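Atoms within each ligand, like the ligands themselves, are counted from 1 in listed order. Residues take their numbers from the sequence shown, with the count starting at 1. Note that the structure is predicted; figures quoted are calculated from it, not measured.
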Amino acid sequence: MIHKVAPSVLSADFSNLRSDIELINESEADWFHVDVMDGVFVPNISFGFPVVKAINKYAEKPLDVHLMIVNPDQYIQQFADAGAEVITVHYEACPHLHRTLSAIKEAGCKAGVAINPHTPVHLLNDVYKEIDLICVMSVNPGFGGQSFIENTYNKLQQLRNISEMKNHTPYIEVDGGVNLENYQKLLECGANVLVAGSTVFKSSNPTETILALKQ
Ligand code: DX5
Ligand code: ZN
């Protein structure tokens, strides 16, 4: 599978969001990664429905919505209506994960599960076939611009083995601290979706950086 690149809007210039959306539209990026934070599941608040809808209004590529919120079940339909194509919930926030994944699919979206750095991949074994995307957090969620956690490589390799064993290949996304130094190794270890926030938007030429991450 040719890997996807999903720039994280969290690192965009919110005072000029439309221009960063156009930049992603015109680049080689595949998806918009949209980070929703509630200040409860993670120690930060980002944005909610009005901003997701505003992004969707101008985005010409799918929205990959990463919910870092407690009780995501309550909001699935609203995020689907706001334009999400992928809805990713956190394993740690979902006591009834199987039900949550079913609800996401019933809302017409791809169902993703994110796992925090301390969460072992094998905990997904019994819902594996229900999952369209696994988001391996390579930082503790909540903020852009943090340093990559090295154990992520190990988790990606384990996921590749589980995918082979189960004969089911979800997207394997890596989120946090992805940069031009580590992305190739991440792909070699089995990632096929790269989320990149500060690496893209803090670079002098975001379009070129996206292109570099695609190669
Ligand atoms: C972190 C978010 C990430 C964040 C990544 O909690 O889920 O998507 O935007 O930012 P960088 O690429 O700067 O680590
Ligand atoms: Zn994210």
With side-chain hydrogen bond (donor to acceptor under 3.5 Å, both in side chains) as the test, would you mind laying out the steps for His66 and Asp64 before giving the verdict?
CA-CA 6 Å; His66 177 192; Asp64 168 34; over 6 Å; no

Walk me through whether Leu194 and His3 qualify under side-chain contact (heavy atoms from CB on, under 4.5 Å).
CA-CA 8 Å; Leu194 301 172; His3 69 275; 3.9 Å; yes

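The shortest contact between atom 1 (C) of ligand 1 and any protein heavy atom is with Phe143 O, 3.5 Å. Ranking the protein heavy atoms by distance from atom 3 (C) of ligand 1 puts Asp175 OD1, 2.9 Å first. For atom 4 (C) of ligand 1, the nearest protein heavy atom (residue, atom name, distance) is Asp35 OD2, 3.7 Å. Given atom 12 (O) of ligand 1, the protein heavy atom at minimum distance is Gly197 N, 2.8 Å. Here the heavy atom of the protein found nearest to atom 6 (O) of ligand 1 is Gly142 N, 2.7 Å. Counting protein heavy atoms only, atom 9 (O) of ligand 1 is closest to Ser8 OG, 2.8 Å.
In Asp35, the N, O or S atom that comes nearest to the Zn ion (ligand 2) is OD1. Restricting Asp175 to its N, O or S atoms, the one at the least distance from the Zn ion (ligand 2) is OD2.
Heavy-atom contacts from other residues, nucleotides or ligands closer than 6.0 Å to CD of Gln157 number more than 12. The environment of His168 atom NE2 is dense: over 12 non-hydrogen atoms of other residues, nucleotides or ligands sit within 6.0 angstrom. Atom OH of Tyr91 has 12 or fewer heavy atoms from other residues, nucleotides or ligands within 6.0 Å.
Ile149 places a side-chain heavy atom less than 4.5 Å from the side chain of Asn140. Val70 is listed as a side-chain neighbour of Asp38, based on a closest heavy-atom distance under 4.5 Å. When side chains are defined from C-beta on, Tyr128 counts as touching Leu159, because their heavy atoms get closer than 4.5 Å. Looking at heavy atoms from C-beta onward, His90 lies out of side-chain contact with Cys94 at the 4.5 angstrom threshold.
No hydrogens or angles considered: a donor-acceptor pair under 3.5 Å links the side chains of Asp73 and Thr100.
Within the listing of ligand 1, atoms 10 (O), 13 (O) sit less than 4.0 angstrom from a heavy atom of Gly144. In summary, the atoms of ligand 1 found under 4.0 Å from a heavy atom of Leu10, numbered by their order in the structure, are 9 (O). Here is the list of ligand 1 atoms found below 4.0 Å of a heavy atom in Pro141: 6 (O). Near His66, the atoms of ligand 1 lying under 4.0 angstrom from a non-hydrogen atom of the residue are 7 (O). If you number the atoms of ligand 1 from 1 as listed, the ones under 4.0 Å from a heavy atom of His33 come out as 8 (O). Of all atoms in ligand 1, listed by their number and element, those nearer than 4.0 Å to a heavy atom of Ala196 are 12 (O).
Taking distance alone, with nitrogen or oxygen atoms compared against 3.5 Å, Gly177 approaches ligand 1 more closely than that limit. Backbone and side-chain nitrogen or oxygen atoms of Gly176 are examined, and none is located within less than 3.5 angstrom of a nitrogen or oxygen of ligand 1.
Because the distance cut-off is set at 2.8 Å, His66 qualifies as a neighbour of the Zn ion (ligand 2) through one of its N, O or S atoms.
Look at Met68 and you'll find a heavy atom under 4.0 Å from some atom of ligand 1. Under a 4.0 angstrom heavy-atom cut-off, Thr199 registers as lying outside contact with ligand 1.
Residue contacts with ligand 1, taken as heavy atom pairs separated by less than 4.0 Å, involve Ser198 via backbone and side-chain atoms alike.
For Tyr183 and Phe148, the ring centers sit 6.0 Å or farther from each other.
Between Glu22 and Arg18 there is a salt bridge, since at least one side-chain N of the basic residue sits less than 4.0 Å from a carboxylate O of the acidic one.
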